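The structure appears right after this line, and notes come after that.
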There are 2 protein chains.
Amino acid sequence: MSTAERRAREKAQRRREILDAARKEFFEHGFSRPTMDDVAARAEVSKGTIYLYFASKEEILAHLLLEGLDLLLSHMEAALAATLSATAEAALRALANAYLDFFQSHPSYFRLIMAFDRGRFGESIPPELFQQVLDESLRGLTLVARTIEAGQASGEFRVDDAWQAAGSVWAALNGVLVLMAHPLRQQMLKSDLQTMFQATMDLVLSGLRAGTVDPADG
Amino acid sequence: MSTAERRAREKAQRRREILDAARKEFFEHGFSRPTMDDVAARAEVSKGTIYLYFASKEEILAHLLLEGLDLLLSHMEAALAATLSATAEAALRALANAYLDFFQSHPSYFRLIMAFDRGRFGESIPPELFQQVLDESLRGLTLVARTIEAGQASGEFRVDDAWQAAGSVWAALNGVLVLMAHPLRQQMLKSDLQTMFQATMDLVLSGLRAGTVDPADG
DNA sequence: GGCGATACTGAACGCCCGGTCATTTACTGA
DNA sequence: TCAGTAAATGACCGGGCGTTCAGTATCGCC
């Protein structure tokens, strides 16, 4: 009996080793360049072995993507948990900073998430994985939307549709990260990512406070 | 003498034909899938001929990219020209709508611009073309920055740094387009691109009017 | 009419790579 | 000890594709 258990443990371990090797390869050399042979060499197994654990190259990437989303979500949830009793604005700032942190600490995961968003996979990965990714994605947006709803309730934010506002906030922050990812942009705008990110957050928060209804009035 | 001129005309014409064929192929099937054989077949020339007019596949894409940027800039400039004597807010809305129009009328050019932004080329294309792309890109941002400066001057907008604000605005609008490009997103947020785009623009404008300095005060 | 120049052609080159499967190796329980 | 099984191997397959270049066709001028 214990033999079977050990076997299962070893199998899981091997799988993890392959995933670790793939992560290193992909994060070091981009998501296209590395070949299955590269990953195999790094994992110190033969190429055939990889296919005993994963159905395809894309499936490996899909698993890494899920890792990244999990990490991002846990960052965001931790940030929210730490500001439970604060104002909605503070909570929203905490969420945004968690996203910025994630971008800076795990740029490759960020790039992978963006690649998925662009439809890099979508075909050719198991629908069940695909659904998981969508669910995680939705959970993230939900955190933002709920925070904005709290701000609506407390009167901090004057917006009609919290989900729409959440979409705008997410789009704006994401937009800054994508835009400023390029060093050339930082040159063009003569400011760095941090500064631009905070400025955008300030702008958006100012908009949320002022509300988009009845611009001239309070 | 006229012979040489005709020759030159014909050469330019052939070049245009190849570019037209490449545009169709790339816009129909994505920027990677089509092969040089596909482009050649579509242009009704042999593959070798293409290399008499372009140095590489990437260079062709770079020229298409420039076309796209030109088109976008002319849209934006036309929009600005039509609102010369209006408020800064109206002008900024006109710019934004021009961008939205561009996205909707020429989605493939938009995707190409985004691909460049991601660094899809950057290596392997002539530095002179690369520089041209950066210049155009900067011109676009300049239009936004100047408009915001006008709003600063007129007192419509309360921001310290017009360029920074321009970056935020650009990032936010770009972010919405990228975010909502996916049909799944529209489902998640239960609203369409148009609505989200306008909502984001409203939010951002509200922020510009309110200013990001001294939040509680006017 | 023929010669040089210019334009064009497409077979061939060189290289890359994801995925498969017959075979070998390692282990285990009787 | 050995047969049965699970795991691992890596040569091989089938395909793809950007780029080159030796050879061919076309044109215009003397």
Side-chain angles (χ1 to χ4, degrees), chain A residues 1-22 25-26 28-64 115 120-126 129, chain B residues 1-22 25-26 28-64 115 120-126 129:
Chain A
M1 201 45 329
S2 93
T3 304
E5 284 170 18
R6 178 175 51 79
R7 279 272 173 89
R9 266 202 314 278
E10 281 171 0
K11 239 185 158 210
Q13 178 61 24
R14 180 61 43 101
R15 187 191 159 89
R16 234 172 289 130
E17 283 166 10
I18 293 172
L19 213 50
D20 289 347
E25 281 298 316
F26 290 137
E28 275 177 26
H29 304 119
F31 308 127
S32 309
R33 192 132 58 90
T35 68
M36 290 304 265
D37 282 300
D38 292 335
V39 174
R42 190 121 185 189
E44 295 176 306
V45 297
S46 76
K47 185 161 56 164
T49 298
I50 296 184
Y51 285 91
L52 296 176
Y53 293 86
F54 297 95
S56 69
K57 197 183 186 183
E58 296 256 297
E59 199 191 292
I60 296 180
L61 281 169
H63 280 284
L64 294 176
R120 254 289 299 269
F121 332 82
E123 325 84 43
S124 76
I125 63 165
L129 269 184
Chain B
M1 199 44 335
S2 91
T3 304
E5 285 170 16
R6 179 175 51 80
R7 280 270 173 91
R9 267 202 313 278
E10 283 171 357
K11 239 184 161 219
Q13 177 62 24
R14 179 60 46 101
R15 188 192 159 88
R16 235 171 290 129
E17 284 165 9
I18 292 172
L19 213 50
D20 289 347
E25 281 297 317
F26 290 138
E28 277 176 25
H29 305 119
F31 307 128
S32 310
R33 191 131 58 91
T35 69
M36 291 303 263
D37 281 303
D38 292 335
V39 175
R42 189 120 184 190
E44 295 177 304
V45 297
S46 78
K47 191 160 50 163
T49 298
I50 296 185
Y51 285 90
L52 296 176
Y53 293 87
F54 298 94
S56 68
K57 195 183 186 183
E58 296 256 298
E59 199 190 292
I60 296 181
L61 280 168
H63 280 283
L64 293 177
R120 256 285 301 268
F121 333 81
E123 322 85 41
S124 76
I125 63 166
L129 269 184

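The structure displayed is predicted, hence computed values, not measured ones. Naming: A, B, ... by sequence-line order, numbering from 1 per chain.
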_Value in whole Å for how far the P atom of D:dC17 lies from CD1 of B:Ile50_ = 14 Å
Below 3.5 Å is the cut-off: list the nitrogen or oxygen pairs between protein and nucleotides 5-8 of chain C, distance only.
{"from": "C:dC8", "atom 1": "OP1", "to": "B:Arg14", "atom 2": "NH1", "distance (Å)": "2.7"}
{"from": "C:dC8", "atom 1": "OP2", "to": "B:Tyr53", "atom 2": "OH", "distance (Å)": "2.6"}

*Find out whether A:Phe121 and A:Glu59 are in side-chain contact, i.e. whether some heavy atom of one side chain is under 4.5 Å from a heavy atom of the other.*
no
_Could you tell me how far apart A:Gln13 (CD) and D:dA8 (C1') are, to the nearest whole angstrom?_
16 Å
*For A:Phe54, check ring pair (Phe, Tyr, Trp, His ring centres under 6.0 Å) against everything at least two apart and list the hits.*
A:His63
Distances under 3.5 Å between nitrogen or oxygen atoms of protein and nucleotides 14-17 of chain C:
none

_Non-hydrogen side-chain atoms of A:Glu25 and A:His29 separated by less than 4.5 Å_ = yes
_Pairwise side-chain contact, B:Phe26 with B:Lys57, heavy-atom cut-off 4.5 Å (strictly under)_ = yes
*asked:* Does any part of the side chain of A:Leu52, heavy atoms only, come nearer than 4.5 Å to the side chain of A:Lys11, both counted from C-beta?
replied: no
*Shortest non-hydrogen contact between A:Ile60 and A:Ala22, atoms and distance*: CG2-CB, 3.6 Å
*Test item: A:Arg42 side-chain N/O and A:Ala21 main-chain N/O as donor-acceptor pair under 3.5 Å*: no
*Hey, are the side chains of B:Glu58 and B:Leu129 touching, using non-hydrogen atoms and a 4.5 Å cut-off?*
no
*Look at atom CD of A:Gln13 and say whether more than 12 heavy atoms of other residues, nucleotides or ligands are closer to it than 6.0 Å.*
yes
*Enter the inter-axis angle for the ends of the helix from C:dG1-D:dC30 to C:dA30-D:dT1 (five pairs per end, rounded to 10°).*
20°
_Partner set under side-chain contact (heavy atoms from CB on, under 4.5 Å) for B:Asp37, not counting sequence neighbours_ = B:Thr35, B:Lys47
*Rounding to a whole Å, what distance do you find between B:Glu10:CD and D:dG28:C1'?*
12 Å
*Calculate the interatomic distance between B:Tyr51 atom OH and C:dG10 atom C1'; express it in whole Å.*
13 Å
*With sequence neighbours excluded, residues passing side-chain contact (heavy atoms from CB on, under 4.5 Å) with A:Ser46*: A:Thr49
*In whole angstrom, give the distance that lies between atom CZ of A:Arg15 and atom P of D:dA7.*
14 Å
